[in-house]
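In what follows, chains carry the letters A, B, and so on, assigned in the order in which the sequence lines appear, proteins first and then strands, with residues in each chain numbered from 1. On a predicted model such as this, the values are computed, not experimentally measured, just so you know.
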There are 2 protein chains.
Amino acid sequence: MAYHAGVDAEATLEPALQKRGHRLTRPRRLVWDALRSADRHLTAEQVAARVHEVDPDVNLASVYRSLALFAELDLARESHLGVDNASRWEPAHPDDHFHLVCRSCGEVQHHAGDLVEQLRVQLRTRQGFDADAIDLVVSGHCDRCAEAQP
Amino acid sequence: MAYHAGVDAEATLEPALQKRGHRLTRPRRLVWDALRSADRHLTAEQVAARVHEVDPDVNLASVYRSLALFAELDLARESHLGVDNASRWEPAHPDDHFHLVCRSCGEVQHHAGDLVEQLRVQLRTRQGFDADAIDLVVSGHCDRCAEAQP
DNA sequence: GCCAGTATCGCGAGTCGTTCGCAATTTATA
DNA sequence: TATAAATTGCGAACGACTCGCGATACTGGC
Ligand SMILES: [Mn+2]
Ligand SMILES: [Mn+2]
Ligand SMILES: [Zn+2]
Ligand SMILES: [Zn+2]
């Protein structure tokens, strides 16, 4: 079952853009398709590389601008995974989740659960702090790498 | 009760350096004093500014090198607080703690507690992930700013 | 469909925080 | 104090973005 990029882009991207008075342009559609069809977090540079397979004339600055816009519209999420100082991007999930980065193999696992929500509650009741964004990155060793080198 | 920088530096810094075959140099001593005497997180640039009050000839590159070395020796801790893309530095605490950054006033609160340890246990038992560093930065509104603008 | 008006683009240059290579200096040890 | 190696200062380079601007291409109304 082939992934039909264009159709999907129009289905979710276009209304989100229009609702806020933004236009659906070729660079935005291609950036969105690149993000959606990726199975992992991508740097802006990596997004650009995928976009360029389809259209080499899309500028890197436009990729950055598109990603920033998507974040603003809650279509995409930016994370600092600590591998280098480049941001990584992924389509936004509805659920709170955070990232487990393996120091050996580089794999990035997702951890979804109530933990982020628990934390939010704890901060509010115990410290009066109204948490907005919770950026949690855990680095360590994944199950496979941990048992290989204990 | 004045803070006697030199003495303190030699008391904790020198043995930590010597144990690993590093030398106690003037730039390192001044960077360490600047960190220790600060009451808040500092950027490398801010550390340099404080160092330069004592000795303007210490180079910014040496400040960066000293901070990186201190992190390696677990004498200092680097955090990305999301205010800008500059790293912030503080002397290493023995206890796990994380940071609450207020979007209104910029204040950085510390949150120490069992939460980080809880998380570590949960990741190990539920996912087999051996957590090394847990980088948690929460941005939102502190108690003062939250009640001012609810 | 076409036009007007403006949002967006491509481009090149600029910024920021950080790192590098290397010759000169400083440090710990003998 | 002499020696050898670690470390420094310096300036240039780096990577990841961001900006200003004139050119382009969307979109909504005709
Ligand atoms: Mn993710
Ligand atoms: Mn802290
Ligand atoms: Zn692994
Ligand atoms: Zn505040």
First of S66(A) and P27(B) reached from the 5' end of DNA chain C, by closest nucleotide: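 Of the two residues, S66(A) wins.
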
Would you kindly compare G21(A) and R23(B) by the position of their nearest DNA chain C nucleotide and give the one closer to the 5′ end?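 Mapping each residue to its closest nucleotide by heavy atoms, the 5'-most match is G21(A).
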
Looking at DNA chain D, which of residues 50-65 of chain A put a heavy atom within less than 4.0 Å of it?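 Those residues are A61(A), Y64(A), R65(A).
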
Separation of atom [atom1] in [X] from atom [atom2] in [N], rounded to whole Å:
| X | N | atom1 | atom2 | answer |
| --- | --- | --- | --- | --- |
| E72(A) | dT8(C) | CD | P | 11 Å |
| L67(A) | dT8(C) | CG | P | 15 Å |
| H22(B) | dT27(C) | NE2 | C1' | 14 Å |

Which pair of non-hydrogen atoms, one from V108(A) and one from V101(A), has the smallest distance, and what is that distance?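 Scanning both residues completely, I find the closest heavy atoms to be CG2-CG2, 4.4 Å.
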
Closest approach of A76(A) to W89(A) (non-hydrogen atoms, all atoms of both residues):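 Taking every non-hydrogen atom into account, CB-CE3, 4.2 Å.
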
Can you tell me how far the [atom1] atom of [X] sits from the [atom2] atom of [Y], to the nearest 0.5 Å?
| X | Y | atom1 | atom2 | value |
| --- | --- | --- | --- | --- |
| R103(B) | D130(A) | CZ | CG | 10.5 Å |
| R65(A) | N59(A) | CZ | CG | 7.0 Å |
| H141(A) | S104(A) | NE2 | OG | 4.5 Å |

Show your working on salt bridge (Lys or Arg N to Asp or Glu O under 4.0 Å) between E117(B) and R120(B) and close with a plain yes or no. CA-CA 5 Å; E117(B) 192 48 34; R120(B) 201 183 296 274; 3.4 Å; yes

Hey, could you give me each pair passing ring-ring contact (aromatic ring centres under 6.0 Å, His included) that has a residue in residues 35-65 of chain A? Not counting sequence neighbours.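 As it turns out, the ring-ring contact (aromatic ring centres under 6.0 Å, His included) pairs with a partner in residues 35-65 of chain A, which skip direct neighbours, are H41(A)-H99(A), H41(A)-H110(A).
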
Can a donor-acceptor pair be found, under 3.5 Å and without considering hydrogens, that links the side chain of R28(A) to the backbone of R23(A)?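 Confirmed, R28(A) side chain pairs with R23(A) backbone.
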
Start at the 5' end of DNA chain D and walk down; is the nucleotide closest to T25(B) or to E45(A) reached first?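 Its nearest nucleotide being more 5', the pick is T25(B).
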
Quick check for you: name the first and last nucleotides of DNA chain D, 5' to 3', having an atom under 4.0 Å from a heavy atom of chain A.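 First-to-last contact on DNA chain D, by the 4.0 Å heavy-atom rule, is dA16(D) to dT27(D).
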
Regarding S87(B), tell me which of base, sugar-phosphate or nothing describes its non-hydrogen contacts under 4.0 Å with the strands shown.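 Sugar-phosphate, no base atom in range.
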
